[in-house]
Enquirer: 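Here's a structure for you.
Given the structure is predicted, the values throughout are model-derived calculations rather than measurements.
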Amino acid sequence: MRIDLITIVVDDYDRAIEFFTGPLGFELVEDSPSFTDDGRPKRWVTVRPPGAETGVLLARADGERQTAAIGEQVAGRVGFFLRVDDFDAAHERMTAAGVEFVRPPRTEDYGKVAVFLDISGNRWDLLGPA
């Protein structure tokens, strides 16, 4: 048993793909045409960090309720965690690419951590060894 995908609600597929594959360095796994339950066109877009098994489904908001959830999927808490081997290099690359860090790097017992926002405004921990 394993978790295959998690979903992040976004307002635009292409901007989300650019963010995840650019500043975050994820791989685009799939970008296929699809349809909503009532037959309207949408896309099935998945990304994941290189070498990872678990990916992210980038789901464009459909309707007022989903639009309201953009950036608030976990009620303002850190809900996603990106572990890297070289924290300093990843932080520097992401900062240079315009990723917004809302908490500066700090060292904890478990390693280095800094909080950043994704394209939708969700909070992520960037984690690495101390």
Side-chain angles (χ1 to χ4, degrees):
M1 184 181 320
R2 64 185 167 91
I3 295 175
D4 188 44
L5 294 169
I6 56 121
T7 298
I8 293 180
V9 180
V10 301
D11 65 354
D12 181 82
Y13 291 119
D14 294 323
R15 285 186 42 233
I17 291 168
E18 163 116 5
F19 176 81
F20 280 92
T21 61
L24 296 192
F26 286 28
E27 298 171 335
L28 179 61
V29 177
E30 185 174 359
D31 184 356
S32 301
S34 187
F35 295 95
T36 62
D37 291 339
D38 61 0
R40 290 175 289 121
K42 68 175 187 176
R43 288 159 62 184
W44 182 263
V45 178
T46 60
V47 295
R48 70 174 169 235
E53 290 188 28
T54 301
V56 176
L57 173 68
L58 301 174
R60 187 182 62 202
D62 184 16
E64 291 179 24
R65 183 175 180 200
Q66 290 181 21
T67 299
I70 294 173
E72 290 297 327
Q73 291 184 207
V74 290
R77 295 186 59 113
V78 171
F80 308 98
F81 303 84
L82 179 60
R83 183 163 299 277
V84 295
D85 294 329
D86 187 337
F87 179 92
D88 294 329
H91 183 265
E92 183 178 317
R93 177 180 49 77
M94 290 167 65
T95 299
V99 173
E100 181 182 354
F101 281 87
V102 296
R103 292 203 190 118
R106 67 185 191 278
T107 302
E108 299 289 345
D109 292 341
Y110 52 83
K112 289 184 179 179
V113 61
V115 179
F116 69 93
L117 301 179
D118 69 18
I119 189 75
S120 295
N122 296 297
R123 291 175 181 259
W124 289 65
D125 271 356
L126 176 65
L127 301 164

Enquirer: Are Arg83 and Asp125 ion-paired here, with the side-chain N under 4.0 Å from a carboxylate O?
Expert: no
Enquirer: Checking Thr36 against Asp38: is there a side-chain donor and acceptor pair closer than 3.5 Å?
Expert: yes
Enquirer: Any side-chain heavy atom of Lys42 within less than 4.5 Å of one from Tyr13?
Expert: yes
Enquirer: With a 4.0 Å cut-off, would you call Asp11 and Arg60 a salt bridge?
Expert: no
Enquirer: Are there more than 12 heavy atoms of other residues, nucleotides or ligands under 6.0 Å from atom CD of Glu92?
Expert: no
Enquirer: Is there side-chain contact between Trp44 and Leu57, with at least one heavy-atom pair below 4.5 Å?
Expert: yes
Enquirer: Taking CD in Glu64 as the centre, count heavy atoms belonging to other residues, nucleotides or ligands within less than 6.0 Å. Is the count above 12?
Expert: no
Enquirer: When you compare the side chain of Trp124 with that of Val115, does any pair of heavy atoms fall below 4.5 Å?
Expert: no
Enquirer: Treat each ILVMFWY residue as a node, draw an edge where side-chain heavy atoms are under 4.5 Å apart, and state whether Val74 and Phe81 are in one component.
Expert: no
Enquirer: Are any of the side-chain heavy atoms of Leu126 and Met94 separated by less than 4.5 Å?
Expert: yes
Enquirer: For residues Val47 and Leu58, determine if any side-chain heavy atom of one lies less than 4.5 Å from a side-chain heavy atom of the other.
Expert: yes
Enquirer: Could you go through Leu28 and Phe20, starting from their C-alpha distance and side-chain angles, then the distance that decides it, and tell me whether this counts as side-chain contact (heavy atoms from CB on, under 4.5 Å)?
Expert: CA-CA 8 Å; Leu28 179 61; Phe20 280 92; over 6 Å; no
Enquirer: Roughly how far, to the nearest 0.5 Å, is CG of Asn122 from CG of Leu117?
Expert: 8.5 Å
Enquirer: Does a sphere of radius 6.0 Å around CD in Glu18 hold more than 12 heavy atoms from other residues, nucleotides or ligands, not counting ones at 6.0 Å or beyond?
Expert: no
Enquirer: Flag yes if Phe80 and Ile119 sit in one hydrophobic cluster, no otherwise; membership is Ile, Leu, Val, Met, Phe, Trp, Tyr, and two members link when side-chain heavy atoms are under 4.5 Å apart.
Expert: yes
Enquirer: For the residue pair Phe116 and His91, is the inter-centroid distance of their aromatic rings smaller than 6.0 Å?
Expert: no
Enquirer: Taking all non-hydrogen atoms of both residues, which atom of Pro129 and which atom of Val84 are closest, and how far apart?
Expert: CD-O, 3.4 Å
Enquirer: If only atom types and distance count, is the side chain of Arg93 paired as donor or acceptor with the main-chain N or O of Pro23 below 3.5 Å?
Expert: yes
Enquirer: Does any N or O in the side chain of Thr54 come within less than 3.5 Å of the main-chain N or O of Ile3, such that one atom is a donor and the other an acceptor?
Expert: yes
Enquirer: Let me check something: do Ile6 and Leu24 share a hydrophobic cluster, defined by ILVMFWY side-chain heavy atoms less than 4.5 Å apart, either directly or through other members?
Expert: yes
Enquirer: Are Thr46 and Phe26 packed together at the side-chain level, in the sense that at least one heavy-atom pair is separated by less than 4.5 angstrom?
Expert: no
Enquirer: Heavy-atom distance under 4.5 Å between the side chains of Val113 and Pro105, does that happen here?
Expert: no
Enquirer: A side-chain contact here means heavy atoms from C-beta on lying under 4.5 Å apart; do Val9 and Gln73 qualify?
Expert: yes
Enquirer: Taking the basic N atoms (NZ, or NE/NH1/NH2) and the acidic carboxylate oxygens, is any pair closer than 4.0 Å for Asp118 and Arg123?
Expert: no
Enquirer: Do Arg43 and Asp14 meet the salt-bridge criterion of a basic N to acidic O distance under 4.0 Å?
Expert: yes
Enquirer: Could you tell me whether a side-chain N or O of Ser120 sits under 3.5 Å from a main-chain N or O of Ile8, the two making a donor and an acceptor?
Expert: no
Enquirer: I need the single residue from Val10, Val29, Ile17 that forms a side chain to side chain contact (heavy atoms under 4.5 Å, CB included) with Val45. Which is it?
Expert: Ile17
